[in-house]
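This is a predicted model, so every value here is computed, not measured.
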Amino acid sequence: ISTVPAPLPFVRLVTTVMLWLLLVPHAVAQTPAGSDAFLTRFRAAAANPDASTLADLTKFPFLFEGKPHERAAFIQRVAPRLFTPGVRKCLANAKPMPEDGRLVLWCKPYGFYLGLADGQWRLLEFGVDGEP
């Protein structure tokens, strides 16, 4: 019995499909359970001009301008500066990007990192996009 090698395009296709099948479950597993419900709550809180609603979903202390802020300072100083009307509007539809078991919502110029803290989903931190 002689074996004829498979044509190279077929081998590439099979290899690509196998890699895709191996990686898809890993990509889905990166985001822990409960993220969808939290994302809905976070979007609603971001749409609400009452900063205390956002504070209920935030992990404290919250680092802003290089300093840790507790709940009262977050409500008074951080939320009004971070959650501008344009950012609030963007957060309503921003696509959640999985990253290391967390979700990131990008609303220029910020990335909002949502993840687990003490077993509950929270706004953990934010990052500033340095691009104009």
Side-chain angles (χ1 to χ4, degrees):
I1 300 176
S2 68
T3 57
V4 177
L8 190 55
F10 178 75
V11 172
R12 286 184 183 154
L13 175 64
V14 169
T15 302
T16 302
V17 169
M18 292 300 290
L19 284 172
W20 184 81
L21 289 172
L22 289 171
L23 293 176
V24 166
H26 176 69
V28 172
Q30 284 183 331
T31 305
S35 62
D36 289 340
F38 179 78
L39 187 56
T40 300
R41 289 176 56 216
F42 182 74
R43 289 183 196 278
N48 182 349
D50 179 12
S52 64
T53 309
L54 279 168
D56 292 341
L57 303 175
T58 301
K59 179 184 181 306
F60 295 105
F62 188 83
L63 193 62
F64 184 74
E65 294 182 334
K67 297 175 188 166
H69 292 75
E70 294 299 332
R71 182 183 171 85
F74 178 87
I75 291 169
Q76 236 176 23
R77 290 188 290 274
V78 177
R81 293 182 60 199
L82 196 57
F83 293 91
T84 63
V87 168
R88 288 176 182 274
K89 184 177 179 180
C90 171
L91 285 170
N93 297 306
K95 181 180 177 188
M97 306 294 292
E99 183 178 296
D100 298 327
R102 302 184 300 177
L103 295 177
V104 184
L105 300 174
W106 286 101
C107 288
K108 212 166 196 161
Y110 306 118
F112 296 89
Y113 291 82
L114 314 175
L116 290 174
D118 301 322
Q120 295 185 349
W121 275 87
R122 294 283 180 246
L123 167 62
L124 301 175
E125 60 186 346
F126 76 103
V128 177
D129 182 5
E131 295 183 23

Checklist entry - For Leu116 and Trp121, what are the C-alpha separation, side-chain angles and deciding distance, and is it a side-chain contact (heavy atoms from CB on, under 4.5 Å)? => result CA-CA 4 Å; Leu116 290 174; Trp121 275 87; 3.4 Å; yes
Checklist entry - Is it true that Leu63 and Val128 fall in one hydrophobic cluster, defined by side-chain heavy atoms closer than 4.5 Å? => result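 Shared cluster, no.
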Item to check | Shared hydrophobic cluster for Leu123 and Val104 (ILVMFWY, side-chain gaps under 4.5 Å) | outcome: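 Looking at the clustering, Val104 is in a separate group from Leu123.
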Roughly how far, to the nearest 0.5 Å, is the [atom2] atom of [Y] from the [atom1] atom of [X]?
X: Phe112; Y: Leu103; atom1: CZ; atom2: CG; result: 14.0 Å
X: Phe126; Y: Trp106; atom1: CZ; atom2: CH2; result: 11.0 Å
X: Thr58; Y: Leu82; atom1: OG1; atom2: CG; result: 9.5 Å
X: Asn48; Y: Phe83; atom1: CG; atom2: CZ; result: 12.0 Å
X: Lys59; Y: Glu125; atom1: NZ; atom2: CD; result: 9.5 Å

Next on the checklist: With a 4.5 Å cut-off on side-chain heavy atoms, are Phe62 and Leu124 touching?
Outcome noted: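 Leu124 vs Phe62: side chains apart.
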Checklist entry - Less than 4.5 Å apart, any side-chain heavy atom of Asp129 and any of Tyr110? => result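 No, too far: nothing below the 4.5 Å cut-off.
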Show the atom names and distances, to 0.1 Å, of all donor-acceptor pairs under 3.5 Å that link a side chain in residues 67-78 to residues at least two apart or in another chain.
residue, atom, partner, partner atom, Å
His69, ND1, Lys67, O, 2.8
Arg71, NH1, Asp56, OD1, 3.0
Arg71, NH2, Asp56, OD1, 3.0

Next on the checklist: Minimum heavy-atom separation for Val87 and Lys108, please, with both atom names.
Outcome noted: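 The answer is CG2-O, 4.1 Å.
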Next on the checklist: Evaluate Leu114 against Leu39 for side-chain contact (heavy atoms from CB on, under 4.5 Å), listing each step before the verdict.
Outcome noted: CA-CA 8 Å; Leu114 314 175; Leu39 187 56; 3.9 Å; yes
Next on the checklist: Taking side chain to side chain donor-acceptor pair (under 3.5 Å) as the cut-off, I'd like each qualifying pair that reaches into residues 78-98, sequence neighbours left out, listed once.
Outcome noted: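 Passing the test, one end in residues 78-98: Glu65-Arg81.
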